[in-house]
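Positions are given from 1 along the sequence.
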Amino acid sequence: MNTVINAFSALSDSTRFSIVEQLMQDGELPAGDLILGRGMSGAAISRHLKVLREAGLVQQRVHGTQRMYSIQPEGLRAIAEWTISKRQFWEGSLDRLGDILERENSWPT
């Protein structure tokens, strides 16, 4: 459960979320490519990448002088499994809410 909490916590920051989205879309990228267009210093992006690594969402490998980043599938899988496990609860809750709202709208005014 802590893995999922850490992952959601890491993804709650819009910069980190966008980094994960970019890596999911583009595949493995050097750290320098993750800086482009974000209006942040390399040090700031490095701190975000550290949080994502510690949450198990991205992995790093060294290739010559570059640090290459890619998605850590197990981290995203943990989020997906947790979300799917809660699906029945949310569907039931939303159905009950819909019933309540429908009854309220049918009351005479």
Side-chain angles (χ1 to χ4, degrees):
M1 184 63 148
N2 282 341
T3 301
V4 174
I5 293 170
N6 291 340
F8 277 121
S9 178
L11 291 174
S12 69
D13 179 89
S14 62
T15 298
R16 291 191 290 268
F17 190 89
S18 72
I19 289 170
V20 169
E21 282 189 314
Q22 184 177 3
L23 290 172
M24 288 174 65
Q25 179 180 334
D26 298 340
E28 185 179 56
L29 292 170
D33 286 6
L34 296 169
I35 296 169
L36 300 174
R38 288 200 166 78
M40 297 182 144
S41 68
I45 293 296
S46 179
R47 286 190 295 275
H48 284 297
L49 289 166
K50 180 181 179 187
V51 171
L52 291 169
R53 277 194 326 271
E54 289 174 351
L57 296 171
V58 300
Q59 55 193 359
Q60 170 192 293
R61 74 177 180 89
V62 177
H63 180 72
T65 60
Q66 292 185 317
R67 299 213 184 288
M68 303 295 292
Y69 288 89
S70 61
I71 291 297
Q72 179 72 8
E74 293 81 14
L76 294 181
R77 191 172 297 116
I79 292 173
E81 289 171 359
W82 182 89
T83 304
I84 290 167
S85 75
K86 303 304 178 203
R87 181 178 178 176
Q88 185 177 5
F89 166 78
W90 285 109
E91 285 178 350
S93 297
L94 292 173
D95 289 344
R96 287 189 300 279
L97 177 60
D99 292 344
I100 291 168
L101 293 174
E102 194 173 302
R103 281 191 301 244
E104 282 186 10
N105 287 334
S106 65
W107 290 348
T109 53

statement: To the nearest 0.5 Å, atom CH2 of Trp90 lies from atom CG of Leu97 at 10.5 Å
- prompt: With no hydrogens and no angle check, do the side chains of Ser46 and Arg67 hold a donor and an acceptor under 3.5 Å apart?
  reply: no
Close side-chain approach of Gln72 and Val58, heavy atoms under 4.5 Å: no
message: Is there a path of hydrophobic side-chain contacts, each under 4.5 Å between heavy atoms of I/L/V/M/F/W/Y residues, joining Val4 to Val51?
response: no
Gap between atom CD1 of Ile84 and atom CD1 of Ile79 - 0.5 Å precision: 12.0 Å
- request: Please examine the side chains of Gln60 and Met68, heavy atoms only from C-beta on, and report whether any two atoms are closer than 4.5 Å.
  value: no
- request: Taking the side chain as every heavy atom from C-beta outward, state whether Gln22 and Leu34 have any pair of such atoms under 4.5 Å apart.
  value: yes
message: Show me the pairs that pass salt bridge (Lys or Arg N to Asp or Glu O under 4.0 Å) and involve residues 16-34, at least two apart or across chains.
response: Glu28-Arg61
For Ser41, side chain to side chain contact (heavy atoms under 4.5 Å, CB included) partners two or more places apart: Ala43, Ala44
- prompt: What heavy-atom pair brings Ala55 and Ala10 nearest, and what distance separates the two atoms?
  reply: CB-CB, 3.7 Å
field: Side-chain heavy-atom pair Met24, Val20 within 4.5 angstrom cut-off
entry: yes
field: Beyond-backbone contact of Leu57 with Leu23, side-chain heavy atoms, under 4.5 angstrom
entry: no
query: Quick one: does Ser85's side chain have a donor or acceptor within less than 3.5 Å of a partner on Trp82's backbone?
result: yes
query: Distance from Ile100 atom CD1 to Glu102 atom CD, nearest 0.5 Å?
result: 11.5 Å
query: Are Ile19 and Phe17 connected in a single hydrophobic cluster, I mean Ile/Leu/Val/Met/Phe/Trp/Tyr linked by side-chain heavy atoms less than 4.5 Å apart?
result: yes
- prompt: Taking side chain as C-beta onward, heavy atoms only, is Arg38 less than 4.5 Å from Ser18?
  reply: yes
message: Does any part of the side chain of Thr15, heavy atoms only, come nearer than 4.5 Å to the side chain of His48, both counted from C-beta?
response: yes
message: As an exercise, state the distance from CG of Leu52 to CG of Asp13, rounded to the nearest 0.5 Å.
response: 8.5 Å
- request: Can you see which heavy atom on Leu49 is nearest to which on Ala31, and at what distance?
  value: CD1-CB, 4.4 Å
message: Strictly by salt bridge (Lys or Arg N to Asp or Glu O under 4.0 Å), give each pair with a member in residues 72-84 just once, sequence neighbours left out.
response: none
